[in-house]
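Quick note: numbers below take in every heavy atom, side chains included, and nothing from hydrogens, waters or symmetry partners. Numbers restart at 1 for each chain; the letters A, B, ... are given by sequence-line order, proteins then strands.
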2 protein chains.
Amino acid sequence: MAQPLYQQIADDLCKRIESGSLGPGQQLPTELELRDTYNASRNTIRDAIKRLMSLGLVETRPGAGTYVTERIDPFVTVLTTPPVIGSPNSDFAIDDSADPEGASYLSMVGKSHRKAACSPVRVEVRPAPKSIASRLRIPSGAPVVARHQERYIDDSPWSVQTTFYPMEFVTSGLAPRLLMADDIPEGTVRYLEDALGCRQVGYRDWITARGPDSSEQQFFGIGHDCVVLELFRTGFDEGGSPMRVTVTVYPADRNQFIVNSGEVPSPSFEQDESI
Amino acid sequence: MAQPLYQQIADDLCKRIESGSLGPGQQLPTELELRDTYNASRNTIRDAIKRLMSLGLVETRPGAGTYVTERIDPFVTVLTTPPVIGSPNSDFAIDDSADPEGASYLSMVGKSHRKAACSPVRVEVRPAPKSIASRLRIPSGAPVVARHQERYIDDSPWSVQTTFYPMEFVTSGLAPRLLMADDIPEGTVRYLEDALGCRQVGYRDWITARGPDSSEQQFFGIGHDCVVLELFRTGFDEGGSPMRVTVTVYPADRNQFIVNSGEVPSPSFEQDESI
DNA sequence: GCAAATTTGTTCGTATGTATT
DNA sequence: CAATACATACGAACAAATTTG
C-alpha cells in the first residue's frame with residue numbers, strides 16, 4: 001500500500017474538484033454513495049473528506065451534505081502603508097490598521113464596499129501569558145490590562161482581537177480610560193500619547209498560523225480542520241520600549257495579509273480575481 | 001452532551017500540558033492507558049490526540065509514543081527591511097530575502113548561527129495555475145518557467161519554493177539561463193536586470209495559511225493536522241508590471257514572519273524567548 | 001406545522017499493518 | 001526476534017441537524 005486508502009480517495013476527489021468536474025457550491029456524493037463507489041468503509045470516506053476540509057476544498061453541513069467550498073471573498077489586510085510611487089517615504093506614515101477600538105478598522109473595511117461591525121469592548125485585568133509578557137518585557141504572570149473585541153464583516157465573524165497594556169498605565173493614574181469598557185473614539189494610540197506622553201513611533205507584526213482552539217471554532221463557526229492566522233503587533237514608543245501588544249486571530253479562509261516593499265502598483269484590480 | 005467526549009478529553013490533556021504537569025518532551029500515556037483513564041474507546045482517544053496535534057501541542061511517533069512538543073526554535077523571516085533608526089528611508093533597500101537560488105537565503109540564515117542548505121534547482125515549463133496567472137497578469141494555463149527548490153535549516157526541511165517567470169523571458173532569447181537547472185550565483189533578480197534590462201523595484205507579499213497537501217506532508221514530515229504558511233511574492237519592474245511570482249511554503253511550526261513599520265528596535269534579544 | 005427520510009457527527013468494538021524500542 | 005505503540009481500515013449503532021413530503 002503505497003498511499004493510505006483515505007489519501008488516495010482524497011487525492012481523487014481533489015482532482016475532480018480542481019478539474020472543475022465538481023464545481024464550487026456543488027454537493028459531493030453522500031458518504032454512503034462514496035462508500036459504494038470507492039468500495040471503502042464510511043469511516044475511511046470520512047477520513048478522506050477530513051483531508052479535503054483541511055485543504056479548504058469542501059465544507060460539511062450536518063444533515064445537509066458535503067459541498068465544494070464557494071470561495072469567500074477574502075478580506076485583505078495590508079500590513080505596510082504602501083508608499084506612494086515617486087514620493088520619498090521618509091515621512092513614513094504609521095497606519096495602524098490593527099488598532100483596536102475599531103476606528104481605523106471600520107473605515108478601512110468601509111472603503112472596500114463591505115459592512116464592518118465591532119462588538120463592544122470587554123476589559124479585563126489578568127496575568128500576562130508568556131507570549132505577551134516577553135513582548136512587553138515584563139515578568140510572566142504580571143498583571144496587564146486586556147481590551148478585547150470581536151469584529152464582523154458583512155455580518156459574519158471575521159477576527160477577534162485582544163490588546164494588552166502594561167498595568168502601570170492605569171496604576172499611575174494617568175490613563176484611567178483604558179479600564180473603561182467604552183470605545184476610545186480618538187483611538188488608544190492617540191489617547192496614550194495625550195495621557196502619558198507616550199508616542200507610538202513604530203510597530204512590529206509577528207505572524208504565525210495554527211489550528212483554532214475550541215472557543216475560536218465556536219465564534220468563527222469553523223471546524224477543527226481549519227486554520228487561523230495569529231498576528232502579534234507590538235507597538236514601540238520613542239525610546240524603543242514596547243507600549244502595547246495586540247493579538248488578532250483571523251480565520252485563514254477569509255483573511256489574507258499583504259506586505260509591500262519598495263514601489264508596487266495598487267493591488268485593487270487583483271483582489272477580486274485572486275486565488 | 002455539551003461537548004463531544006473527544007473534545008472534553010482534548011481540553012483536559014491541554015490543561016495538563018499548559019499547566020506544566022506534562023512538560024515539553026515528555027511522553028503522554030499511551031493510547032491504551034488513556035483509554036482506561038478516561039473510560040473511552042481507543043478511537044475516541046485518538047480523536048482527542050488529533051486535536052492536540054492540530055494545536056501543535058503534541059506530536060506522535062509511530063511505535064514510540066505521543067510526546068509534548070519541544071518547541072522548535074522557529075526561524076523568523078523579516079518581510080520588510082528594518083529602517084535604520086534615525087536615518088531617512090527614502091533610499092529604501094529591497095532586501096529580497098525570499099529570492100530563490102538561495103544566495104541571500106543562505107547568508108541570512110548563516111547570520112543566525114544556523115546551518116542552511118538548498119537542494120539543486122529543478123526547472124520546468126508548465127501551464128500557469130490560476131493563482132500564478134492572475135498575479136503575472138497572463139491567461140490561466142499559459143506556459144511559464146518554474147524554478148523549484150527545497151531549503152533546509154540545521155538539516156531539517158524548512159521551506160519549499162517555486163518561482164514562476166513569464167515565458168517571454170526565454171522565448172525572446174534574452175534570458176536563456178532561466179531554463180538551466182543551475183544556480184544563478186548573482187541571483188535571478190540581478191540576472192534579469194542585466195539580461196532584460198528589467199529591474200525589480202518592489203514586491204508584494206501575499207500571506208495565507210492552509211493545511212498541507214500530501215507532498216508537503218511527506219517532505220516536511222508533518223501530519224495533515226499541521227499548518228503551512230504560503231507566501232506569494234510578486235516582483236514588479238519599473239513600469240509596475242509583475243515580472244515574477246515566488247511561492248514559498250513554510251510549515252508554521254518552525255517558521256514565523258515579521259513585518260516592521262516605522263521605527264522599531266532590533267528584535268534580536270526577543271527571538272530566543274518568544275512564545 | 002409535523003413526521004419521515006436523509007445526511008453528517010460521535011462513539012464504540014475489532015482486526016491488521018508498520019515503525020520503533 | 002519479540003514487545004510495544006501508533007496508523008489504517010472495517011463494521012455497527014445511535015445522535016443531531018437538515019431537508020423533504
Problem - Length of the line joining B:Y38:OH and C:dC12:P, which is rounded to integer Å - result: 14 Å
Problem - Pairing residues for A:L55 by the side-chain contact (heavy atoms from CB on, under 4.5 Å) criterion, not counting sequence neighbours - result: A:R51, A:L57, B:D213
Handout entry: Set of residues satisfying side-chain hydrogen bond (donor to acceptor under 3.5 Å, both in side chains) with respect to A:E59, sequence neighbours excluded
Key = none
Exercise for the section: Go through the side-chain N and O atoms of B:N43 and B:Y6 and say whether any donor and acceptor fall under 3.5 Å apart. Expected result: no
Fill in the blank from the handout: Of D:dA7, C:dT10, D:dT19, the nucleotide closest to the side chain of A:A64 is D:dT19
Could you pull out every donor-acceptor pair under 3.5 Å between side chains of residues 21-29 of chain A and any protein atom, sequence neighbours left out?
| from | atom 1 | to | atom 2 | distance (Å) |
| --- | --- | --- | --- | --- |
| A:Q26 | OE1 | A:G23 | N | 2.9 |
| A:Q27 | NE2 | A:A64 | O | 3.3 |

Exercise for the section: State which residues pass side-chain hydrogen bond (donor to acceptor under 3.5 Å, both in side chains) with B:T44; sequence neighbours excluded, sorted by chain then number. Expected result: B:S41
Practice task
Name all residues meeting the side-chain contact (heavy atoms from CB on, under 4.5 Å) criterion together with B:P143; count only those two or more places apart in sequence or in a different chain, and write none if there are none.
Solution key: B:V125, B:M167
Handout entry: Side chain of B:P4 - closest among D:dA7, C:dT10, D:dA9
Key = C:dT10
Handout entry: salt bridge (charged side-chain N to carboxylate O under 4.0 Å, His left out) partners of B:R126, counting only residues at least two apart
Key = B:E124
Practice task
Write down the distance between CG (A:L5) and C1' (D:dA9), rounded to a whole number of angstrom.
Solution key: 8 Å
Problem - Value in whole Å for how far the C1' atom of D:dA9 lies from CD1 of A:I49 - result: 16 Å
Problem - side-chain hydrogen bond (donor to acceptor under 3.5 Å, both in side chains) partners of B:D11, counting only residues at least two apart - result: B:Q7
Atom pairs, protein N/O to nucleotides 13-15 of chain C N/O, distance under 3.5 Å:
| from | atom 1 | to | atom 2 | distance (Å) |
| --- | --- | --- | --- | --- |
| C:dG13 | O6 | B:N43 | ND2 | 2.7 |

Fill in the blank from the handout: Atom CZ of A:R46 and atom C1' of D:dG11 are separated, to the nearest Å, by 15 Å
Handout entry: Nucleic acid contacts of residues 21-33 of chain B, taken as heavy-atom distances under 4.0 Å to DNA chain C
Key = none
Handout entry: Whole angstrom value for the distance that separates C1' of D:dA12 from CD1 of A:I45
Key = 17 Å
Exercise for the section: For A:R46, check side-chain hydrogen bond (donor to acceptor under 3.5 Å, both in side chains) against everything at least two apart and list the hits. Expected result: A:E31
Exercise for the section: With sequence neighbours left out, write down each residue that passes salt bridge (charged side-chain N to carboxylate O under 4.0 Å, His left out) with A:D253, or none if nothing qualifies. Expected result: none
Exercise for the section: Find the distance B:Y67:OH to D:dC6:P and express it as a whole number of Å. Expected result: 8 Å
Handout entry: Separation of C:dC12 C1' from B:D47 CG (nearest whole Å)
Key = 11 Å
Fill in the blank from the handout: Out of D:dT8, C:dG9, D:dC6, minimum distance to the side chain of B:T60 belongs to D:dC6
Problem - Nearest-Å distance for atom pair OH/C1', residues B:Y6 and C:dG9 - result: 8 Å
Handout entry: Five-pair end axes of the helix from C:dC2-D:dG21 to C:dT21-D:dA2 and the angle they enclose, rounded to 10°
Key = 10°
Problem - Row check, A:Y67 ring normal vs A:R61 NZ/CZ: under 6.0 Å, within 45° - result: yes
